Amino acid sequence: MKDEILKIIKESVDSLALPGSPMGNETEFEVSVPKKKEFGDFSTNAALVIGSMKGKNPREVAQEIVEAIEQRQHGFIERLDIAGPGFINFFVNETLFESQLREILRLGEKYGASREGSGQRVIVEFVSANPTGYLHFGHARNAVVGDSVCRMLSFCGYEVIREFYINDAGRQMDMLGESVYSALARSCGLARELPEDGYHGEYISELAGEIKKSEECPQVPGDESEAIEFCREFAYSRLLEEIKTDLLDLRVNFDNWYSERIEIHGRGSEERKLDKTLAKLEDLGTVERKEQALWFKASLYGDGKDWVIIKKDGAPTYFLSDIAYHMDKYSRGFSKLINVWGADHHSHVLRLKSSMKALGLDESSLHVLLIQFVRLVREGVEVPMSKRTGDFVTLREVLREVGCDATRFFLLMRSSDSHLDFDLSLAKKESSENPVYYVQYANARISSLMRNSEEAGISASEEHLNLLSNDEERNIMKILLRFPEVVRSAAESLSPHKVVYYLQELAAEFHFYYNKTRILDSENTDMASARLCLARYVQVVIENGLGLLGINAPRSM
RNA sequence: GUCCCCGUAGCUCAGUUGGAUAGAGCGCAGGAUUCCUAAUCCUGAGGCCGCAGGUUCGAAUCCUGCCGGGGACGCCA
């Protein structure tokens, strides 16, 4: 919609052939939808931009542009105003709206989609929680934001691969094995302390209990290292399943479960990726031996400091695996790499990018979306995320308490780089205070209208759209037609919250309209069919928008 | 000390690739239903956009400094 206006302005500006330098690139001026009605349906700052470029009075430039546009006689432009310092305001008539509105039903669930990313493959890595425990609520924001970003990117035409990187190779896995083993040993009557950095949630002893009951339970006492390995593998596979279950309950899917152990450390027929990466870094002269360890010289590539990749005991660090992993991502041919990370990993961004740069890869195609922390609140009081027992508030508990829709909505409603207060008592409330229902209710009301319309013998029709001319109807149309652009902007900036805000605005406008205007007016069936059609448009957009957020759009509430 | 995020209404936050008179929800005070779902709607009060400079036609938005809150700075992952 805006694009149409932008095209018109460009044509006219070009036709003016203003003296001096040729017009620069196209992004220099913009078309916006003004907040105030007096400023028209669309507005452009073109004259201001050009004026300051050419050193001319913006209002005079505006006048020239307006004349050029008027000469071309676009049917749908009713009036052009020059306002303030030189804004050009467009007032358009219904014909433009109507033709655009028809696209909504024509495209249906595709309305708002684009081909922006067509031909581009993008990998989104998110959650990637260690399989050493249940997902806690802190992981939920990452999961939901990552998932919604994927949905938006797919909608914009990208081919999206969703990947979970399983950190199943490192010391924390051994620690898991030892923790479970120590619980098992204790339950078998051995005096055995939990290892110092061990995991001590309740689930550890539950796992040990399961092992004890199982037929394959190792002999205790017996070969300890064998038993520990058994415990580790048992716990790992069980916990990974639990993680998958919880994510599915949150409506989060993955295409790839990428095992660090197999893919990075694994010895297939080829050379290990880890060794290959190390060799490459060495060949490039980007490492140095210092204090008996091997360091990657990140400071040469934009980071503030160097980082160890091989510890003095000879073991690789997590960072080296990470370099290998990302090198692998690049080699799989993605044009864009998106990582969704917790804000506590921010220092890893520069070091990872510096390593990609050192390897000659284009680090600008790697985007890291940092997610700030969530604070759980109940009745205005903070709920500690970790309990005395060493357990965390799990995702599962919260899902059980407030349900998936509310959980997702609340986690998506704020910008990712803002700290988030998750109000459990509010999210649980089935009342008007809860914003989740606000949007869903608009949709349910429309469904109800549709049901009632059949009895009243009215059906939605685009035939009489021209009858819709009051302020509320026009406002709704304008909001509806903004949807594709909102999606594009939200996808581009990886910001699902923009869709949340948009839907709240649309729902508000619809509720207002609904209260003020009788839609199923049996006295005037032409009008009723047009209004019903408008309601149907709203429904399509709400359903599509909620779909991008992974939230259901119930037909009745 | 270095780096990242944040600071906007009583509370929680949008708005930040510079645009016109800064918005929403909650809370607070009032009000609306003989009729399509009141999980709704309307009205009102409520603001040195943390502070101070700078950049320009124009700054909540960009730059610098300072203050305040959170986080990261391990041969852990």
Side-chain angles (χ1 to χ4, degrees), chain A residues 27 30 32 34-36 38-39 43 45 48-49 51-52 57-58 83-87 89 128 130 132 167 169-173 175 197 260 290-295 303-305 307-319 321-322 342-350 370-373 375 377 380 413-421 423 426 429-442 444-453 455-456 458 493 497-498 500-501 504-505 507-508 510-522 528 531-532 535 556-557:
Chain A
T27 54
E30 57 183 27
S32 60
K35 291 169 202 159
K36 307 278 171 186
E38 311 88 87
F39 297 147
S43 176
N45 63 350
L48 294 167
V49 174
S52 76
N57 182 333
F87 290 101
N89 297 332
S128 298
N130 289 342
T132 53
N167 291 120
R171 218 173 73 85
Q172 83 278 6
M173 291 305 295
M175 197 51 75
D197 299 322
E260 177 187 2
K290 199 169 65 184
E291 297 155 18
Q292 296 156 328
L294 197 66
W295 300 66
D303 197 357
K305 56 206 286 193
W307 302 89
V308 169
I309 51 175
I310 301 284
K311 300 186 266 185
K312 81 179 136 183
D313 67 6
T317 63
Y318 160 87
F319 180 37
S321 299
D322 232 22
D344 53 337
H345 284 61
H346 91 264
S347 63
H348 298 190
V349 177
L350 258 185
L370 291 175
I371 310 283
Q372 297 295 325
F373 292 138
R375 208 168 62 109
V377 173
M413 71 193 287
R414 303 295 179 217
S415 155
S416 303
D417 50 27
S418 187
H419 292 241
L420 173 73
D421 278 0
D423 190 330
L426 180 59
K429 253 183 215 166
E430 295 201 1
S431 79
S432 54
E433 295 151 70
N434 192 333
V436 191
Y437 298 103
Y438 189 81
V439 176
Q440 290 183 325
Y441 185 53
R445 269 185 156 173
I446 296 168
S447 297
S448 172
L449 283 173
M450 296 298 163
R451 287 190 293 268
N452 295 341
S453 68
E455 288 170 31
I458 298 167
S493 59
H497 77 275
K498 289 184 177 175
V500 177
Y501 272 84
Q504 286 180 302
E505 186 189 348
F510 179 76
H511 285 310
F512 174 54
Y513 177 58
Y514 182 93
N515 270 275
K516 194 169 171 180
T517 316
R518 172 123 193 128
I519 292 171
L520 298 177
D521 182 356
S522 48
R531 287 181 171 159
L532 196 60
S556 68
M557 290 172 73

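Keep in mind that what you see is a predicted model, and the values were worked out from it rather than measured. Excluded from the calculations below are hydrogen atoms, water molecules and symmetry mates; all remaining heavy atoms, backbone and side chain alike, are included.
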When you check the phosphate oxygens OP1 and OP2 of [N], does a side-chain N or O of [X] lie under 4.0 Å from one of them?
X       : N      : value
Y513(A) : C36(B) : no
K498(A) : G15(B) : no
S453(A) : C36(B) : no
K311(A) : A77(B) : yes

- Kindly state whether the pair Y501(A) / A24(B) counts as stacked, where counting means centroids closer than 5.5 Å and planes tilted less than 30° apart.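 No; centroid distance or tilt outside limits.
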
- Query: Is the aromatic ring centre of F87(A) closer than 5.5 Å to the centre of the six-membered base ring of G19(B), with the two planes inclined by less than 30°?
  - Reply: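 No.
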
Given side chains that start at C-beta, do those of [X] and [Y] come closer than 4.5 Å, heavy atoms only?
X       : Y       : result
L48(A)  : F87(A)  : yes
Y318(A) : H348(A) : yes
R414(A) : Y501(A) : yes

Output the rounded distance in Å from [atom1] ([X]) to [atom2] ([N]).
X       : N      : atom1 : atom2 : value
H346(A) : U2(B)  : NE2   : P     : 14 Å
Q372(A) : C13(B) : CD    : P     : 12 Å
F510(A) : A39(B) : CZ    : P     : 15 Å
R445(A) : C41(B) : CZ    : P     : 7 Å
D303(A) : C3(B)  : CG    : C1'   : 10 Å

Does [X] have any salt bridge (Lys or Arg N to Asp or Glu O under 4.0 Å) partners at least two apart in sequence or in another chain, and if so, which?
X       : value
R531(A) : E473(A)
K305(A) : none
R451(A) : none

What nucleotide, of [options], holds the atom closest to the side chain of [X]?
X       : options                : value
M557(A) : A39(B), A77(B), C35(B) : A39(B)
D344(A) : U12(B), G71(B), C5(B)  : G71(B)
S347(A) : C36(B), A72(B), A77(B) : A72(B)
D421(A) : G71(B), C13(B), A20(B) : C13(B)
R414(A) : U12(B), A77(B), C36(B) : U12(B)
N167(A) : C41(B), C5(B), A77(B)  : A77(B)
S448(A) : U40(B), C4(B), C36(B)  : C36(B)
K305(A) : C73(B), C41(B), A38(B) : C73(B)
F39(A)  : C41(B), C76(B), A20(B) : A20(B)
Y438(A) : A77(B), A14(B), U40(B) : U40(B)

- Message: Suppose you measure atom P in A60(B) against the same atom in G53(B); what distance do you get, rounded to whole Å?
- Response: 14 Å

Is there a donor and acceptor pair closer than 3.5 Å between the side chain of [X] and the base of [N]?
X       : N      : result
H511(A) : A38(B) : no
D197(A) : A77(B) : no
S43(A)  : A20(B) : yes

- Item | For P316(A), side-chain contact (heavy atoms from CB on, under 4.5 Å) partners two or more places apart | H265(A), L274(A), I310(A), L320(A)

- For RNA chain B, which ranges pair as stems of 3 or more consecutive Watson-Crick or G-U pairs, with both donor-acceptor distances under 3.5 Å? B:1-7 with B:67-73, B:10-13 with B:23-26, B:28-32 with B:40-44, B:50-54 with B:62-66

- For Y514(A) and L449(A), run side chain to side chain contact (heavy atoms under 4.5 Å, CB included): C-alpha distance rounded to whole Å, both residues' side-chain angles, the deciding distance at 0.1 Å, then the answer. CA-CA 10 Å; Y514(A) 182 93; L449(A) 283 173; 4.1 Å; yes

- Message: If you compare all heavy atoms of Q172(A) against all heavy atoms of N167(A), which two are closest, and at what distance to 0.1 Å?
- Response: NE2-O, 2.7 Å

Name the pairs: protein N/O against N/O of nucleotides 56-60 of chain B, kept only if under 3.5 Å.
none

- What do the steps show when you test F373(A) against L420(A) for side chain to side chain contact (heavy atoms under 4.5 Å, CB included), and what is the final call? CA-CA 6 Å; F373(A) 292 138; L420(A) 173 73; over 6 Å; no

